[in-house]
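Sequence lines set the chain letters: A, B, ... in the order given, protein chains first and strands last, and positions in each chain run from 1.
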Amino acid sequence: MPATTPPPRELHERIIDWFGVHRRSLPWRDDPAPWRVMVSELMLQQTPVVRVLPVFEAWMERWPTPADLAAEPSGEAVRAWGRLGYPRRALRLHAAATAIVADHGGEVPSTYEELLTLPGVGDYTAAAIASFAYGRRAVVLDTNVRRVFARVVEGVQYPAPTVRRAERDLATSLLPDDEDRAAAWAAATMELGALVCTARSPRCEACPVADLCRWRAAGYPEHDGPPRRGQAWHGTDRQCRGALMAVVRDADGPVAPEVVAASWSDAAQRERCLDSLLDDGLLDLTPDGRLTLPG
DNA sequence: CATCCGTGGGA
DNA sequence: TTCCCAAGGAT
């Protein structure tokens with residue numbers, strides 16, 4: 001029953017050892033070639049592993065290198081993205097591949113700073129690629145790691161809505177000095193959050209640091225403060241855009257406006273979303289006014 | 001810094 | 001059924 005922050009060495013040891021035994025076999029983990037890691041990370045942004053698996057395999061089969069992807073129209077990436085959601089990620093991955101070919105000799109860059117310049121690659125993804133693909137020492141702070149730290153170290157049920165300075169400093173202070181160990185730590189803490197220290201009904205009986213966990217020691221206090229706001233869905237532009245995209249994505253060729261219109265009844269919202277999709281580059285207009293994925 | 005951006009499955 | 005949320009990023 002620790003009264004204060006658990007000793008980092010003990011955390012490192014136990015969580016990394018646990019990872020050695022319980023780590024999942026994942027295609028981007030078993031063969032962590034940089035491009036594979038990068039593709040997986042973009043796909044995994046806000047999308048569960050099980051849904052990513054089949055799309056990832058097909059993607060890598062078709063586009064084994066950034067150059068392979070960059071050589072095709074962005075619309076092909078959007079179609080191959082399927083129903084993973086947030087299709088702008090497909091556009092960003094295509095743009096990133098193009099940038100990798102143009103500016104990095106076709107090789108996924110290895111440093112956090114270079115990775116951060118790529119479209120679709122933010123703080124988390126840059127750190128993840130540097131760490132998982134290149135074994136670099138990087139602060140990998142995703143939703144899983146944040147939850148683990150919130151509970152074990154801070155003693156609260158959930159992390160704050162956004163990463164603040166103090167939280168980043170904590171994560172930095174916890175990162176092992178040794179490069180290899182830092183990379184193992186990043187993967188291990190993520191996996192612990194994904195498999196054991198889950199958002200709902202955590203499996204504390206299977207946790208290697210349960211006896212060091214401040215949240216557990218405190219008796220699992222419920223989250224207090226403002227309620228955690230979920231995202232609305234029904235009737236939103238997001239739902240509308242998704243419906244419109246599905247029609248074009250699942251069609252063989254260009255789709256007539258009337259066909260697209262049938263998928264969303266609210267005309268004003270439909271037009272607004274159509275405009276935004278064209279503006280985003282997720283859709284294109286043919287000369288005769290039909291809708292296609294971008295060429 | 002808050003909001004927007006898809007989708008589907010489990011509790 | 002409804003609600004929650006899953007390896008975030010861009011603006």
Side-chain angles (χ1 to χ4, degrees), chain A residues 19 23-24 26-29 32 36-56 78 81-93 95-96 115-133 138-148 157-165 183 186-195 197-203 223 226-250 263-264 269 272-273 276-277 279-283:
Chain A
F19 183 61
R23 70 194 290 275
R24 287 170 293 179
L26 298 169
W28 47 86
R29 180 177 281 166
R36 292 170 60 83
V37 172
M38 180 168 175
V39 170
S40 76
E41 289 302 338
L42 269 287
M43 290 182 173
L44 287 163
Q45 290 168 1
Q46 299 286 281
T47 304
V49 168
V50 287
R51 223 175 308 162
V52 165
L53 286 169
V55 181
F56 173 82
V78 173
W81 198 255
R83 305 187 67 80
L84 287 182
Y86 291 142
R88 292 193 295 185
R89 291 182 293 163
L91 244 30
R92 293 177 187 143
L93 184 51
L115 288 161
L116 203 52
T117 68
L118 298 173
V121 179
D123 171 70
Y124 159 74
T125 303
I129 297 171
S131 183
F132 303 155
V139 178
V140 177
L141 205 50
D142 82 322
T143 185
N144 291 303
V145 177
R146 297 187 65 213
R147 191 172 52 249
V148 170
Q157 187 176 21
Y158 297 117
T162 59
V163 178
R164 303 307 184 85
R165 178 62 181 274
T189 47
M190 277 185 65
E191 192 75 335
L192 186 63
L195 298 182
C197 195
T198 52
R200 295 162 296 194
S201 51
R203 302 170 48 228
H223 167 81
R228 314 196 314 144
R229 263 288 176 260
Q231 296 180 336
W233 173 247
H234 284 287
T236 61
D237 283 5
R238 238 161 58 257
Q239 185 186 22
C240 178
R241 286 165 54 107
L244 300 176
M245 283 302 298
V247 173
V248 180
R249 189 204 308 125
D250 300 338
S263 66
W264 197 262
Q269 185 178 29
R272 179 174 72 246
C273 288
S276 74
L277 289 169
D279 195 58
D280 286 347
L282 281 166
L283 292 179

Participant: Quick one: label A/A199 by what it contacts on the DNA or RNA (base, sugar-phosphate, nothing), any heavy atom closer than 4.0 Å.
Facilitator: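 The answer is sugar-phosphate, as A/A199 gets under 4.0 Å only of primed atoms, P, OP1 or OP2.
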
Participant: How close or far is atom P of B/dC5 from atom CZ of A/R92, stated in whole angstroms?
Facilitator: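 In whole Å, B/dC5 P lies 12 Å from A/R92 CZ.
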
Participant: Please state how far atom CG in A/L91 lies from atom P in B/dG6, giving the value in whole angstrom units.
Facilitator: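 Going from A/L91 (CG) to B/dG6 (P), I get 11 Å.
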
Participant: More 5' along DNA chain C: A/L118 or A/R24, using each one's nearest nucleotide?
Facilitator: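 Mapping each residue to its closest nucleotide by heavy atoms, the 5'-most match is A/R24.
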
Participant: Over all strands shown, is A/L42 touching base, sugar-phosphate only, or nothing at heavy-atom distances under 4.0 angstrom?
Facilitator: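 Answer is nothing: A/L42 stays at 4.0 Å or more from every strand.
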
Participant: Indicate yes or no for a side-chain donor-acceptor contact from A/R203 to the backbone of A/L195 under 3.5 Å, with no hydrogens or angles considered.
Facilitator: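 Checked: pair present.
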
Participant: Side-chain contact test, heavy atoms from C-beta onward, threshold under 4.5 Å: evaluate it for A/T125 versus A/L115 and give yes or no.
Facilitator: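 Contact flag for A/T125/A/L115 side chains = no.
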
Participant: With DNA chain B as reference, determine whether A/G82 or A/R164 sits nearer its 5' end, using the nearest nucleotide of each.
Facilitator: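 Upstream on the strand: A/R164.
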
Participant: Figure out the CZ/C1' separation between A/R89 and B/dG6, and round it to whole Å.
Facilitator: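 Spelled out: CZ on A/R89 to C1' on B/dG6 is 8 Å.
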
Participant: Can you tell me the distance, in whole Å, between the CG atom of A/L53 and the P atom of B/dG8?
Facilitator: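 It works out to 16 Å between those atoms.
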
Participant: If we ignore hydrogens and angles and just use 3.5 Å, is the side chain of A/R23 paired with the main-chain N or O of A/E191 as donor and acceptor?
Facilitator: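 No.
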
Participant: Can a donor-acceptor pair be found between the side chains of A/Q45 and A/Y124 at a distance below 3.5 Å?
Facilitator: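 Note: A/Q45 and A/Y124 side chains miss the donor-acceptor criterion.
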
Participant: Sorted by first residue and then second, give each side chain to side chain donor-acceptor pair (under 3.5 Å) pair with at least one member in residues 83-93 of chain A; sequence neighbours left out.
Facilitator: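 Sorted result for residues 83-93 of chain A: A/T47-A/R89.
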
Participant: So, do A/L53 and A/W28 sit near enough that their side-chain heavy atoms are less than 4.5 Å apart?
Facilitator: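 Touching, per the 4.5 Å side-chain cut-off.
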
Participant: Starting at atom CZ of A/R88, determine the distance to atom P of B/dT3, rounded to an integer number of angstrom.
Facilitator: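 From A/R88 CZ to B/dT3 P: 16 Å.
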
Participant: Only counting residues at least two apart or in another chain, list the ones meeting salt bridge (charged side-chain N to carboxylate O under 4.0 Å, His left out) with A/R165.
Facilitator: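 Listed in chain order: A/D169.
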
Participant: Near DNA chain C, which residues from residues 238-249 of chain A have a heavy atom under 4.0 Å away?
Facilitator: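 DNA chain C contact set from residues 238-249 of chain A: none.
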
Participant: Using 0.5 Å steps for rounding, measure from the CG atom of A/L42 to the CG atom of A/L118.
Facilitator: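 So the gap between those two atoms works out to 9.0 Å.
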
Participant: Earliest and latest nucleotide of DNA chain C, 5' to 3', sitting under 4.0 Å from a non-hydrogen atom of chain A?
Facilitator: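 From 5' to 3', the first and last contacting nucleotides are C/dC4 to C/dA10.
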
Participant: Can you find a side-chain donor-acceptor pair between A/T162 and A/R164 that sits under 3.5 Å?
Facilitator: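 Indeed, the side chains of A/T162 and A/R164 share at least one donor-acceptor pair under 3.5 Å.
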
Participant: Remember a base hit wins even if backbone is also touched, and classify A/G122 as base, sugar-phosphate or nothing at under 4.0 Å, heavy atoms.
Facilitator: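 Sugar-phosphate contact only.
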
Participant: Measure the shortest side-chain to side-chain distance between A/F56 and A/P27 over non-hydrogen atoms and say whether it is less than 4.5 angstrom.
Facilitator: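 Sidechains of A/P27 and A/F56: in contact.
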
Participant: Give one of base, sugar-phosphate or nothing for A/G230, where a contact means two heavy atoms less than 4.0 Å apart.
Facilitator: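 Result for A/G230 = nothing.
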
Participant: Remember a base hit wins even if backbone is also touched, and classify A/W28 as base, sugar-phosphate or nothing at under 4.0 Å, heavy atoms.
Facilitator: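 It contacts base atoms.
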
Participant: Only counting residues at least two apart or in another chain, list the ones meeting side-chain hydrogen bond (donor to acceptor under 3.5 Å, both in side chains) with A/R241.
Facilitator: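 So A/R241 forms a side-chain hydrogen bond (donor to acceptor under 3.5 Å, both in side chains) with A/S276, A/D280.
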
Participant: With a non-hydrogen cut-off below 4.0 angstrom, is A/T143 in contact with a base, only sugar-phosphate, or nothing?
Facilitator: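 It contacts sugar-phosphate atoms only.
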
Participant: Just to be sure I understand the rule, does A/Y158 reach a base, reach only the sugar-phosphate, or reach nothing, if contact means heavy atoms closer than 4.0 Å?
Facilitator: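 Answer is sugar-phosphate: A/Y158 comes under 4.0 Å of backbone atoms only.
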
Participant: For A/R83 and B/dG6, what is the distance between atoms CZ and C1' respectively, to the nearest whole Å?
Facilitator: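 It works out to 9 Å between those atoms.
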
Participant: Starting at CD of A/Q231 and ending at P of B/dC4, how long is that distance when rounded to a whole Å?
Facilitator: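 Going from CD in A/Q231 over to P in B/dC4 covers 9 Å.
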
Participant: Determine the Euclidean distance between corresponding P atoms of C/dA7 and B/dT3; express it in Å to zero decimal places.
Facilitator: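 Here B/dT3 and C/dA7 have their P atoms 23 Å from each other.
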
Participant: Across the strands shown, which category fits A/D123 at heavy-atom distances under 4.0 angstrom: base, sugar-phosphate, nothing?
Facilitator: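 Here A/D123 touches the backbone only, sparing every base.
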
Participant: Check whether any side-chain heavy atom of A/R238 lies under 4.5 Å from a side-chain heavy atom of A/W233, and answer yes or no.
Facilitator: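 Yes, at least one pair of side-chain atoms sits under 4.5 Å.
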
Participant: Could you pull out the protein-nucleic contacts involving nucleotides 9-11 of chain B (nitrogen or oxygen on both sides, under 3.5 Å)?
Facilitator:
none

Participant: With rounding to the closest Å, how many angstrom separate the C1' atoms on C/dT11 and B/dT7?
Facilitator: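 Looking at atom C1' only, C/dT11 and B/dT7 are 23 Å apart.
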
Participant: Between the base of B/dG8 and the side chain of A/T47, is there a donor-acceptor distance below 3.5 Å?
Facilitator: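 In this structure, the two groups form no donor-acceptor pair.
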
Participant: Sticking with atom C1', work out how far B/dC1 lies from C/dG8, rounded to a whole angstrom.
Facilitator: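 It works out to 16 Å between them.
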
Participant: For the side chain of A/Q239 and the backbone of A/G235, is there at least one donor-acceptor N/O pair under 3.5 Å apart?
Facilitator: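 Answer holds: yes.
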
Participant: Over all strands shown, is A/P161 touching base, sugar-phosphate only, or nothing at heavy-atom distances under 4.0 angstrom?
Facilitator: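 Contact class for A/P161: none.
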
Participant: If we take the C1' atom in both B/dG8 and C/dT1, what is their distance in whole Å?
Facilitator: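 B/dG8 and C/dT1 have their C1' atoms separated by 16 Å.
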
Participant: Heavy atoms under 4.0 Å, any strand shown: does A/L277 hit a base, just sugar-phosphate, or nothing?
Facilitator: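 The answer is nothing, as A/L277 stays clear of every strand by at least 4.0 Å.
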
